[in-house]
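Here is the structure we will look at.
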2 protein chains.
Amino acid sequence: MPRDTTSTRERLLDAGGRQFAATGFAGTSVDAVSRDAGVNKERIYAYFGSKRRFFDHVLTHRLDGLLDGLDLDGHGEDALGRWAGRLWDRYAADPDVARLLAWESLELDEPAAAVQRVSSCSEVASHLRDALAVPDDASARQLLLSVVMLVTSAWTLTALTALVAPGTAAAARRTAVVEHATALARATLLVSPRPGR
Amino acid sequence: MPRDTTSTRERLLDAGGRQFAATGFAGTSVDAVSRDAGVNKERIYAYFGSKRRFFDHVLTHRLDGLLDGLDLDGHGEDALGRWAGRLWDRYAADPDVARLLAWESLELDEPAAAVQRVSSCSEVASHLRDALAVPDDASARQLLLSVVMLVTSAWTLTALTALVAPGTAAAARRTAVVEHATALARATLLVSPRPGR
DNA sequence: CTAGACGCCAACCGTTCGGTTGGCATAGGG
DNA sequence: CCCTATGCCAACCGAACGGTTGGCGTCTAG
């Protein structure tokens, strides 16, 4: 068997994503992750330092994949709505990410710290800023953060909707989420203080 | 010091509510709860059986207090909106309950099992059924569940709103939540299948 | 060809976990 | 006034926790 360190790292991150999403930070043991990955747990400490920092790496990794190449098409608030829709599709394709974000906001000290850290963030934020005429990068970053989290919450809400109304088609729930996220994003824009305006 | 068993139970339930709300089920140790309550941890097992069943007791206890005497005033969808507003006020007065619900839905097997178990539930559900012409008790119970959970999520949403717009007054955030919850409750009613209609 | 750096693992460390046990003190019925 | 049931606690249990260590095998620079 050839030696492949990047594959080892990847297997650990994948297993970490599964385990943390399923049982949270406190509920997941480092042993379980290493067992799931088929790798000795000492590798986690060699690669990532501590359980806590490993969680950050896992979340950042998954968020990078979630936001990679997800750009606004066009300008105006409709573009924001379509963008939220495609973001929704990615959440639906990989429910673990939504759970990871929920866990982080509940049990970790700094809420959504990883969201602000994600590498694709500033790029998407600048697009949002251009399309929506938000003055500076800091507030655009905040806006992006809020929209991401809104869609996350909306995803949970539709899961509930599905529970209440089992027959509802997934497509209908998707459009409901898009409109919901768009409306809330507009409201967020509205209440957000804009200096120099 | 006089012996007072109900006070011992109460102190454990209170401490359990604080600890579970702060760090979740897996993140809370039975020792920490007993230390917080100033009671030996063996009492938890004598009174409630296991850590898991103790969590159920804590959540049911807090939910009973949350929903106690919270009735619909009047009829129609506006009444539902006002009801959601008062529910929101109670959530705001005791944020622990919202966190407990969020924890349960994330990390425990059966989502919202305690919500369906709460003693005040059927009473409130019958009021909702009358006001909104929902056919049978089962679907009314589901409706109540969804509304409660919607408002719970709304709590997360406003926490985010506060983060994005720190200067926004709490009152403004409340009305936003009420409208939000009302609209979503109406949507839930809309997509919910109603037999015999 | 060889020396050392490095990926990797088995085994181990002290601590904390959920849960149990034995006994002391007290309350209340006879 | 005693006897039993019960509230309560200190101490304990095996297991599992996050984290570390020593050494084995394998790549690679010189």
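Chain naming here is simple, since letters A, B, ... match the order of the sequence lines and numbering starts at 1 in each. What's counted below: heavy atoms across the whole structure, side chains too, no hydrogens, waters or symmetry copies.
- Mapping A:Lys41 and A:Tyr47 onto DNA chain C by nearest heavy atom places A:Tyr47 at the nucleotide closer to the 5' end.
- Atom pair B:Leu12:CG and D:dC8:P shows a separation of 9 Å (rounding to whole Å applied).
- Distance CD1 (A:Ile44) to P (C:dC9): 11 Å, rounded to an integer number of Å.
- Computed from coordinates, the A:Phe54 CZ to D:dG19 P distance equals 12 Å when rounded to whole Å.
- In this structure, B:Trp103 and B:Thr23 have side chains that are not in contact, with every pair of non-hydrogen atoms separated by 4.5 Å or more.
- Atom CZ of B:Arg35 is separated from atom C1' of D:dC9 by 15 Å (rounded to the nearest Å).
- You'll find the side chain of A:Tyr47 stays beyond 4.5 Å of the side chain of A:Arg53, heavy atoms only.
- Residue B:Thr28 is in sugar-phosphate contact alone, with no base atom involved, counting any heavy-atom pair closer than 4.0 Å across all strands shown.
- Of the candidates C:dA10, D:dC9, D:dG19, D:dG19 carries the atom nearest the A:Ser50 side chain, counting heavy atoms from C-beta on.
- We find that OH of B:Tyr45 is positioned 16 Å from C1' of D:dC8, with the value rounded to whole Å.
- Distance check, rounded to the nearest 0.5 Å: CG of B:Leu13 to CZ of B:Arg11 gives 11.5 Å.
- Checking the phosphate oxygens (OP1, OP2) of D:dT6, no side-chain nitrogen or oxygen of B:Thr5 falls inside 4.0 Å.
- In this structure, CD of B:Glu10 is placed 16 Å from P of D:dG7, rounded to the nearest angstrom.
- Side-chain nitrogen and oxygen atoms of A:Ser29 include at least one within less than 4.0 Å of the OP1 or OP2 phosphate oxygen of D:dC17.
- Within the structure, a side-chain polar atom (N or O) of B:Thr8 is placed less than 4.0 Å from OP1 or OP2 of D:dC8.
- Between the C1' atom of D:dC17 and the CD atom of A:Gln19 lies a distance of 15 Å, rounded to the nearest Å.
- With rounding to the nearest 0.5 Å, the separation of CG in B:Leu63 from CG in B:Leu100 is 8.0 Å.
- In the set D:dC9, D:dG18, C:dC9, the nucleotide with an atom closest to the side chain of A:Glu42 is C:dC9.
- Using bins of under 30°, 30° to 60° and over 60° for the plane-to-plane angle, the ring pair B:Phe54/B:Phe48 lands in the tilted bin.
- Here C:dG7 presents its P atom at 15 Å from CZ of A:Arg11, a figure rounded to the nearest Å.
- Along DNA chain D, the nucleotide closest to B:Arg9 and the one closest to B:Asp31 are compared, and the more 5′ of them pairs with B:Arg9.
- The base of D:dA10 sits with one of its N or O atoms less than 3.5 Å from a complementary donor or acceptor on the side chain of B:Asn40.
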